[in-house]
Structure formats: C-alpha cells, structure tokens
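Report on the following structure.
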Amino acid sequence: MSFRASVLTLFPEIFPGPLGASLAGRALAGGLWALEAVDIRGFAVDRHRSVDDTPYGGGAGMVMRADVVDRAVASVADGRTLIFLSPRGRRLEQRRVAALAGEDGVVLLAGRYEGIDERAIEARGFEELSVGDYVLSGGELAAMVLLDAVVRLLPGVMGASASAEEESFSGGLLEYPHYTRPPVWEGRAVPEVLLSGDHAAIAAWRRAEAERITRERRPDLLAGTVASRAGAP
Ligand code: 4HQ
C-alpha cells in the first residue's frame with residue numbers, strides 16, 4: 001500500500017495546493033501517495049458548529065476545542081503516526097523526514113487561532129514538529145512543507161538516480177553551485193573545470209565547493225552535532 005496522509009484542518013480547501021503540482025502532484029495523480037484533507041468543523045456538534053472557545057485563565061484569542069479536534073482525529077486514526085505542527089515542536093530535520101517516508105503514512109493536525117486545547121495533543125500522544133522558528137498563521141503550510149519533503153523520498157517519486165546521488169555525495173553538505181548555458185553571461189564565466197570533460201576533476205571540484213560553502217554558511221552541519229549527519233539539503 002502507498003503512503004497515506006490525512007490532514008486535519010479548518011481549511012481543507014487549501015489542499016492539495018502546491019502538493020498538487022510538479023513532482024508531488026504527479027506522484028499524487030499516479031497513486032504513489034494519497035492525500036485526504038479532513039474538515040475539523042465537520043465534527044462540531046452545536047447549533048453554531050463551533051470549533052473554538054475562549055481560553056481558561058483569560059488572554060487574547062481563541063483555543064480549538066479538545067472534544068471537536070479529538071473526534072476529527074478519531075475519524076482517521078488507524079495506527080499511523082500522529083503529528084501536530086507547532087513552533088513548540090522539535091525542529092523537523094531530514095532524518096525524521098526520511099523515517100516518515102518509510103512509514104504507512106501520517107495524520108497531521110494543523111491548528112489555527114492561538115492553538116489547540118493541550119489535552120487533545122496529550123491524550124493521543126501527538127508528536128510535535130516545527131518547520132522553523134517563526135510564527136505561521138496556521139499549521140497548514142507547515143503540514144505541506146512536511147509532506148513535500150516526505151513525498152519526494154517515496155519510492156518511484158524522484159527516480160533512483162537523483163536519490164542515490166543525494167545520499168552518497170551531498171549527504172550532510174550544502175549543494176555545490178550549478179551552471180548551464182551560456183558559458184559566459186554578463187561577463188561571468190562558468191568555472192572552467194566544468195567544461196573540461198574531466199569527470200574526476202569535476203567531482204573533486206564539486207566536493208570541494210560543497211565543503212567550502214557548508215563551512216562558510218552552515219559550520220554546524222560539519223560539526224557532527226545532532227542537527228547534522230542527517231544527509232539533508
Ligand atoms: N504554527 N512550525 C501556530 C507555526 C508552525 C511552525 C502552527 C503557528 C500552529 C497554531 N507550525 N499554529 N513554525 O508557526 O509548525
């Protein structure tokens with residue numbers, strides 16, 4: 001069976017969005033993965049179909065109700081990993097992305113307003129993941145980021161060549177610079193070695209450039225810290 005993603009959201013109409021285009025979109029159309037957007041509002045029970053309420057203890061904004069959210073979760077939960085997108089979560093890294101790509105699928109909970117009643121997160125042991133240290137207006141874009149990163153790793157999505165190359169060579173380093181025609185553009189020449197036809201020299205140059213750029217921009221990736229060694233970008 002292929003990878004199945006369920007996204008619980010108050011804005012199901014924004015899916016698949018960018019996931020319906022390009023690489024992920026072709027894979028979706030081709031049945032290499034499946035995406036279901038579940039409208040949390042469909043699980044509201046009162047006359048006004050409310051999904052949120054005022055926070056206990058006071059303060060600004062509204063909080064999504066645990067009972068409504070949990071009924072939405074129950075409607076799709078089938079043993080797949082449950083993930084809540086939140087800036088409070090562990091930072092999403094390529095290592096986790098790759099592990100998720102090896103699972104049956106995921107259930108992603110995208111919050112709006114000030115957040116979700118903590119008990120709904122706690123009760124089912126949601127894993128919390130963040131796509132970065134900035135504040136989005138909802139978890140939907142974060143869910144799309146996670147899915148985009150996962151889907152490109154699914155078997156048959158990228159083709160063996162690109163994925164194999166990524167694993168062996170660029171693992172843990174930033175990408176070397178790329179060039180295409182024309183050979184000189186606005187007075188800027190393509191590095192000569194790339195025109196030499198010497199494949200060993202080209203591979204050595206690319207490796208050296210990848211190391212230089214990584215050292216300059218992201219020395220943390222070389223440091224062998226927990227945040228590195230995952231084989232990311
Ligand atoms: N939000 N990484 C607040 C994020 C976010 C992030 C999602 C905003 C949850 C309630 N999610 N809502 N950064 O900023 O994942």
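Order of appearance sets the numbers: ligands from 1, and atoms from 1 within every ligand.
Nearest to atom 4 (C) of ligand 1 among the protein's heavy atoms is Pro87 CD, 3.4 Å. Annotation: atom 12 (N) of ligand 1 to nearest protein heavy atom, Gly111 O, 3.9 Å. For atom 8 (C) of ligand 1, the nearest protein heavy atom (residue, atom name, distance) is Leu136 O, 3.0 Å. Of the protein's non-hydrogen atoms, the one nearest atom 11 (N) of ligand 1 is Ser86 N, 3.4 Å.
Considering both main-chain and side-chain atoms, Tyr134 comes within under 3.5 Å of ligand 1 through a nitrogen or oxygen pair. For Val131, a nitrogen or oxygen atom sits less than 3.5 Å from a nitrogen or oxygen atom of ligand 1, counting backbone and side chain alike.
Contact atoms of ligand 1 toward Leu85: 7 (C), 9 (C), 11 (N), 15 (O) (distance under 4.0 Å to a heavy atom of the residue). Near Val135, the atoms of ligand 1 lying under 4.0 angstrom from a non-hydrogen atom of the residue are 14 (O). Close approach of ligand 1 to Gly139 (heavy-atom distance below 4.0 Å) involves ligand atoms 7 (C). Residue contact check: Gly132 has heavy atoms under 4.0 Å from atoms 13 (N) of ligand 1. Residue Ala142 has at least one heavy-atom neighbour below 4.0 Å for each of these atoms of ligand 1: 11 (N), 15 (O).
The environment of CG in Asp104 is sparse: at most 12 heavy-atom neighbours from other residues, nucleotides or ligands sit within 6.0 Å.
Salt-bridge formation is detected for the pair Arg124/Asp70: a Lys NZ or Arg NE/NH1/NH2 atom is positioned less than 4.0 Å from an Asp or Glu carboxylate oxygen. Under 4.0 Å is where a charged nitrogen must lie from a carboxylate oxygen, and between Glu211 and Arg215 no such pair does. Between Arg88 and Glu118 there is a salt bridge, since at least one side-chain N of the basic residue sits less than 4.0 Å from a carboxylate O of the acidic one. Contact check on Glu93 versus Arg96 returns no salt bridge, with no Lys/Arg side-chain nitrogen under 4.0 Å from an Asp/Glu carboxylate oxygen.
Applying the salt bridge (charged side-chain N to carboxylate O under 4.0 Å, His left out) test to pairs two or more places apart or on separate chains, none has a residue in residues 37-63.
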Listed pairs under 3.5 Å, donor-acceptor, residues 189-202 side chains, sequence neighbours left out:
from   : atom 1 : to     : atom 2 : distance (Å)
Ser196 : OG     : Val193 : O      : 2.6
Ser196 : OG     : Asp198 : N      : 3.1
Asp198 : OD1    : Ala200 : N      : 3.3
Asp198 : OD1    : Ala201 : N      : 3.0

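Between Trp205 and Tyr179, the ring-plane angle classifies as tilted under the 30° and 60° cut-offs.
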